[in-house]
Amino acid sequence: VAVLGWDVAGIVDATGPDATLFKPGDEVYYAGAIDRPGANAQLHLVDERIVGRKPKSLSFTEAAALPLTSITAWELLFDRLAVRPGKSPD
């Protein structure tokens, strides 16, 4: 069975007793885990360590478009191409 959706932007509805990083009403975004798709669902249960605050300058749609594309770009530049800020290419 295919479960759709990976990237998310939304508003925190509730937090668990051990949550410390967010509170209800916070605007957030994140990329889902490879073993836990389903971002197209209305509600999510998520480890707060993989969540970030949604930039105020972005709409929810724009913020939801960022997580996996940003991670992919980062990995290409810094992991694959070994770009090092402040260093001249050899």
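Just so you know, these numbers use all the heavy atoms, side chains as well, and skip hydrogens, waters and symmetry mates.
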Treating Ile, Leu, Val, Met, Phe, Trp and Tyr as nodes and any side-chain heavy-atom pair under 4.5 angstrom as an edge, say whether V8 and W6 lie in one connected cluster. no

Candidate pair D26 and I11, rule side chain to side chain contact (heavy atoms under 4.5 Å, CB included), full reasoning: CA-CA 6 Å; D26 286 345; I11 300 172; over 6 Å; no

Side-chain donor or acceptor of E75 paired with backbone N/O of T72 under 3.5 Å: no

Nearest heavy-atom neighbours spanning A19 and T15: CB-CB, 3.7 Å

May I ask you to test the V12-K23 pair for a side-chain heavy-atom distance under 4.5 Å? no

Are L66 and L58 packed together at the side-chain level, in the sense that at least one heavy-atom pair is separated by less than 4.5 angstrom? yes

Is any side-chain heavy atom of D13 closer than 4.5 Å to one of P24? no

Verify the cluster assignment for L68 and Y29: are they in a single hydrophobic cluster under the rule of side-chain heavy atoms below 4.5 Å apart? no

If you compare all heavy atoms of F60 against all heavy atoms of G10, which two are closest, and at what distance to 0.1 Å? CE2-O, 3.5 Å

Are side-chain heavy atoms of F78 and P85 found at a separation under 4.5 Å? yes

Restricting to non-hydrogen atoms, name the atom on H44 and the atom on Q42 that form the minimum distance, rounded to 0.1 Å. CD2-C, 4.3 Å

Going only through I, L, V, M, F, W and Y residues with side-chain contacts under 4.5 Å, is there a path from V83 to W74? yes

Closest approach of Y30 to V46 (non-hydrogen atoms, all atoms of both residues): OH-CG2, 3.0 Å

Would you confirm whether D7, through its side chain, and A31, through its main-chain N or O, come within 3.5 Å as a donor-acceptor pair? no

Walk me through it: do K54 and V28 pass the test side chain to side chain contact (heavy atoms under 4.5 Å, CB included)? CA-CA 4 Å; K54 181 186 80 60; V28 297; 5.7 Å; no

Just checking D79: does its CG atom have more than 12 heavy atoms from other residues, nucleotides or ligands closer to it than 6.0 angstrom? yes

Please check if the side chain of E48 supplies one atom and the backbone of T20 the other of a donor-acceptor pair under 3.5 Å. yes

